[in-house]
Amino acid sequence: MPVSFLDTLGEAVTRRLAARSSRRGVLGRMGAAMAVAPAFPLLPVRRAEAAPAPAANPIATLTDFERRAQSTDPTKCNYWRHCAIDGVLCGCCGGGIHTCPPGTQPSPVSWIGTCRNPDDGRSYVIAYRDCCGRNICAAPKSCDCNTADREMPIYRPQASNDIIWCFGTASTAYHCSTAAIIGQAG
């Protein structure tokens with residue numbers, strides 16, 4: 001069988017490579033390449049030409065609370081910051097949306113929720129803090145809220161609104177709850 005040109009060329013390249021390198025050298029280079037390869041996904045990638053993701057229908061992703069939320073009266077349960085509150089609103093008890101009434105002190109810990117502001121369409125992380133030290137506020141029934149929008153089960157206590165958080169204060173008596181913005185979500 002005649003030897004083809006490609007066979008001759010392949011043999012010449014292989015012999016020249018074998019004469020100029022050792023097995024240890026080849027194994028070393030392969031090892032270095034394998035060690036460096038995982039870093040390649042970390043390099044910057046140009047995504048300008050990438051196809052944009054299809055826009056989700058924002059109305060379809062809203063929860064029931066978010067559809068009914070308002071941003072004008074913080075003494076109502078459907079105020080946008082109250083999406084995960086459980087308790088009496090401090091705004092109805094002589095305090096404010098993020099301040100405790102006189103004679104009470106804020107609990108040292110809080111639970112959190114992520115609420116969507118209907119005015120700007122952005123989501124914010126809200127810290128709900130119980131105000132402690134006096135008996136429960138005798139506010140109107142409209143101020144006693146349990147809006148557990150996207151509430152997490154008790155195995156995630158930092159996001160649960162079913163715990164009285166007044167431990168660590170002078171008195172463990174619950175009075176009311178506040179809703180302070182921590183920052184913008186995501």
Side-chain angles (χ1 to χ4, degrees), residues 42 44 47-48 50 52-186:
L42 301 176
R47 291 188 166 86
N57 182 356
I59 301 300
T61 59
L62 296 179
T63 63
D64 289 339
F65 179 86
E66 290 171 336
R67 284 187 198 90
R68 294 186 318 269
Q70 51 89 15
S71 61
T72 55
D73 188 359
T75 62
K76 301 286 185 220
C77 291
N78 68 342
Y79 185 67
W80 74 270
R81 283 195 208 179
H82 300 152
C83 73
I85 202 164
D86 183 7
V88 178
L89 303 176
C90 284
C92 299
C93 302
I97 189 158
H98 55 78
T99 56
C100 288
T104 65
Q105 70 181 87
S107 62
V109 291
S110 63
W111 72 95
I112 59 171
T114 303
C115 301
R116 184 181 165 279
N117 184 339
D119 290 342
D120 63 11
R122 295 182 178 156
S123 293
Y124 295 87
V125 178
I126 309 295
Y128 300 100
R129 194 172 300 273
D130 289 342
C131 294
C132 313
R134 292 179 20 201
N135 288 336
I136 193 165
C137 174
K141 187 73 174 151
S142 63
C143 290
D144 189 3
C145 306
N146 185 6
T147 51
D149 194 39
R150 296 185 180 142
E151 180 184 18
M152 296 305 293
I154 200 67
Y155 60 81
R156 297 248 338 255
Q158 70 275 18
S160 175
N161 66 5
D162 292 329
I163 299 172
I164 299 295
W165 294 92
C166 287
F167 49 84
T169 60
S171 169
T172 58
Y174 168 79
H175 187 65
C176 61
S177 298
T178 63
I181 295 174
I182 295 176
Q184 191 171 337

Using every non-hydrogen atom in the two residues, find where Ala180 and His98 come nearest and quote the distance to one decimal.
CB-CB, 3.7 Å
Thr75: what forms a side-chain hydrogen bond (donor to acceptor under 3.5 Å, both in side chains) with it, not counting sequence neighbours?
Asp73
All side-chain contact (heavy atoms from CB on, under 4.5 Å) counterparts of Ala185, not counting sequence neighbours:
Thr114, Ser123, Val125
Heavy-atom pair with the smallest gap, counting every atom of Pro118 and Gln70:
CG-C, 4.3 Å
Quick one: are Leu89 and Pro74 in side-chain contact, heavy atoms under 4.5 Å?
no
Under the side-chain contact (heavy atoms from CB on, under 4.5 Å) test, residues paired with Ala139 that sit two or more places apart
Val88, Cys92, Cys93, Cys137, Cys143
For Asn117, what residues pass the side-chain hydrogen bond (donor to acceptor under 3.5 Å, both in side chains) criterion, not counting sequence neighbours?
none
Residues which pass side-chain hydrogen bond (donor to acceptor under 3.5 Å, both in side chains) with Asp144, listed by chain and number, not counting sequence neighbours:
none
Taking side-chain hydrogen bond (donor to acceptor under 3.5 Å, both in side chains) as the definition, give me every residue that meets it alongside Thr172, ordered by chain and number, with sequence neighbours left out.
none
Applying ring-ring contact (aromatic ring centres under 6.0 Å, His included), name anything that partners His175, two or more places apart in sequence or on another chain.
none
With sequence neighbours excluded, residues passing ring-ring contact (aromatic ring centres under 6.0 Å, His included) with Tyr124:
Trp80
Residue pairs passing the side chain to side chain donor-acceptor pair (under 3.5 Å) test where at least one lies in residues 177-186, sequence neighbours excluded
Asp130-Ser177, Tyr174-Ser177
Partners of Asp64 by salt bridge (charged side-chain N to carboxylate O under 4.0 Å, His left out), sequence neighbours excluded?
Arg67
For the student: nearest non-hydrogen atoms of Cys115 and Ala84, plus distance
SG-N, 4.4 Å
